[in-house]
Amino acid sequence: MNNIARVALVGPMGIGKTTAIRTVCGDAVVDCDVPNLDLAAHAKATTTVGADFGEADLGDGDRLQIYGCPGQDRFDFVRQWVLSLAMGVLIMVDLDDASAAEACIGYLDEIEASPAKPLALLLVSRPVSDERIDAFAAEIEAARGSVTPILQADPRDRGQMLETLQVLTSMMFLSENPS
Amino acid sequence: VFSLNCDELPAPLAERFKLLFQVAGRKSVVAWSLSPVADADMQVVDRARVDAVQPTSTCVVTLALDDAQAVTDEGTWVKPHMRHYALRANFTVAQLLDVLDLAGVWLLQQRAASGAQLLSPQGTTATFRLKRWVVPSGALRGVRYATAMAALSRQPLTVNALTRHTGLRTSDVETLIAHLSRQGALHIVHQHTPDEAAAEPTAKSGLVAKVSQWLRSRRLSLIGGQA
């Protein structure tokens, strides 16, 4: 009763974390967007300064909470706090971003070092070819020596986001019930 | 190494089969060789001559000269312990490779289950683990296949455990395993654990299970709403 499953969304500014939360949770969302003063980093009009937060009622007082971490480096401490609470993490990536692999590896290292050690799944949020995803996966695996699942989903597409979360949840279940 | 026999094929079909087998047999996820029928793991027969299938065969490929035969009902000749794969007479190397891969995964499971010595030492279970992530081909996309691959990225699992974990049919899991093996994306591991020890609990419980149920119900209502 009154248990909370927390999932974190991380990724660079403008990747669609706030959109993804709204897509999954509908109106049950609190966002912390303010006007974006860092237009050099991204042209979007607003950006998140706290942790965006959406919630779903699972029944009997249990809830699923999805947190979007701010994409800017100066809010790293917020991300670390969210990761310390999360059971699972979607790392949202744009493969057209030249620094995508480096950022991803950084997030995965940070997640591994987090006390909660949440499970991570990479979410490619812009359409790209299968070959590019395979190449990206190989780059990440070569750097980290382990396999991280990579799925492609549009943050605006509720069906795709629910499917992605379902795969992440299946990993969480497997982790709780190891063979 | 698995063995197959195609002595019961009529000469033109046997010639074509052996020619294409020289190529496909080298590319399959398991090693294949030709052998006498008594030693064969798999029999390849003319669809019109299924009476030549040995009753003890566990794996049979039929080739049909008449295309209509290739899609006819299997009838009663396919026993519950058998796997049957059908090819048309004008089959390609790629189609033969698919059959060899699927049969190979099936035979691998059979050997593991029976404690056979060659590929799976006695007392061990054949398990699979993802070596690298690849985007699967069109037919193997979807949340259940992604769930299977995500699970394989975490720990070695048997076909049976994957079936329970994902809700996929055994044949679908075998198809995925064969596909991933062909991509060089799988480790095959023999673990000294009975299959049931590598199984997922069948009844999901707890908070994570509630999240999973919520996500599934929302997906289903979304699909229902679109229908």
Side-chain angles (χ1 to χ4, degrees), chain A residues 1-7 24-26 56-60 62-65 87-88 119 121-122 124 128-138 140-142 146-153 157-179, chain B residues 125 127 129-138 141-158 161 164-167 183 185 187 191 193 195-201 203-223 225-226:
Chain A
M1 297 287 279
N2 297 318
N3 295 311
I4 300 173
R6 296 182 179 90
V7 170
V24 174
C25 299
D57 181 7
L58 305 175
D60 300 326
D62 294 340
R63 287 167 290 162
L64 165 67
Q65 293 182 342
M87 299 172 78
L119 294 165
L121 188 154
L122 305 183
V124 177
V128 290
S129 67
D130 294 349
E131 291 74 21
R132 285 195 63 192
I133 295 177
D134 285 350
F136 186 75
I140 300 296
E141 284 154 18
S146 60
V147 182
T148 306
I150 306 184
L151 301 182
Q152 191 166 14
D157 187 309
R158 184 166 163 81
Q160 291 180 16
M161 286 307 302
L162 290 172
E163 282 189 358
T164 304
L165 285 168
Q166 199 159 350
V167 175
L168 181 65
T169 306
S170 76
M171 293 166 65
M172 286 151 49
F173 182 80
L174 197 60
S175 179
E176 285 191 348
N177 301 272
S179 295
Chain B
T125 303
T127 60
R129 176 150 196 178
L130 208 59
K131 194 190 296 181
R132 62 190 181 88
W133 188 270
V134 292
V135 179
S137 61
R141 296 188 187 199
V143 66
R144 288 184 176 180
Y145 289 107
T147 299
M149 288 182 62
L152 289 169
S153 75
R154 301 284 305 162
Q155 63 183 73
L157 290 166
T158 64
R164 285 188 287 272
H165 181 61
T166 61
Q183 306 278 316
H187 287 295
Q191 288 191 332
T193 51
D195 182 49
E196 289 310 308
E200 296 307 308
K204 294 187 175 183
S205 58
L207 182 60
V208 175
K210 287 188 80 171
V211 175
S212 179
Q213 285 159 10
W214 183 85
L215 291 166
R216 193 181 310 117
S217 70
R218 290 304 176 278
R219 277 187 56 232
L220 289 174
S221 64
L222 199 62
I223 294 165
Q226 288 170 348

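Below, chain A is the first sequence line, B the second, and so on; all start at residue 1. Because only heavy atoms are used, hydrogens play no part in the values below, and waters and symmetry mates are left out as well, while side chains stay in.
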*asked:* Using the salt bridge (charged side-chain N to carboxylate O under 4.0 Å, His left out) criterion, which residues pair with D130(A)? Sequence neighbours excluded.
replied: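 D130(A) satisfies salt bridge (charged side-chain N to carboxylate O under 4.0 Å, His left out) with R141(B) only.
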
So for [X], is it side chain, backbone, both, or neither that comes closer than 4.5 Å to the heavy atoms of chain B?
{"X": "E141(A)", "answer": "side chain"}
{"X": "V24(A)", "answer": "both"}
{"X": "L64(A)", "answer": "side chain"}
{"X": "S146(A)", "answer": "neither"}
{"X": "M161(A)", "answer": "neither"}
{"X": "L151(A)", "answer": "side chain"}

*Approximate separation, where rounding is to 0.5 Å, of L122(A) CG and I133(A) CD1*: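 The CG atom of L122(A) sits 10.5 Å away from the CD1 atom of I133(A).
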
_So F173(A) and L119(A), do their side chains get closer than 4.5 Å, heavy atoms only?_
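No, too far: nothing below the 4.5 Å cut-off.
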
_Among M171(A), R63(A), M172(A), R158(A), residue most engaged with chain B (heavy-atom pairs, under 4.5 Å)_ =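 Ranked by contacts with chain B, first place is R158(A).
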
_Check this for me: R6(A), atom CZ, are more than 12 non-hydrogen atoms of other residues, nucleotides or ligands nearer than 6.0 Å?_
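It does: R6(A) CZ has more than 12 such atoms within range.
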
Less than 3.5 Å apart, which donor and acceptor atoms pair up between the side chains of residues 145-154 of chain B and the rest of the protein, not counting sequence neighbours?
unit_1: T147(B); atom_1: OG1; unit_2: V143(B); atom_2: O; d: 2.7
unit_1: S153(B); atom_1: OG; unit_2: A150(B); atom_2: O; d: 2.6

_Working for side-chain contact (heavy atoms from CB on, under 4.5 Å), residues K210(B) and D60(A)_ = CA-CA 10 Å; K210(B) 287 188 80 171; D60(A) 300 326; 3.5 Å; yes

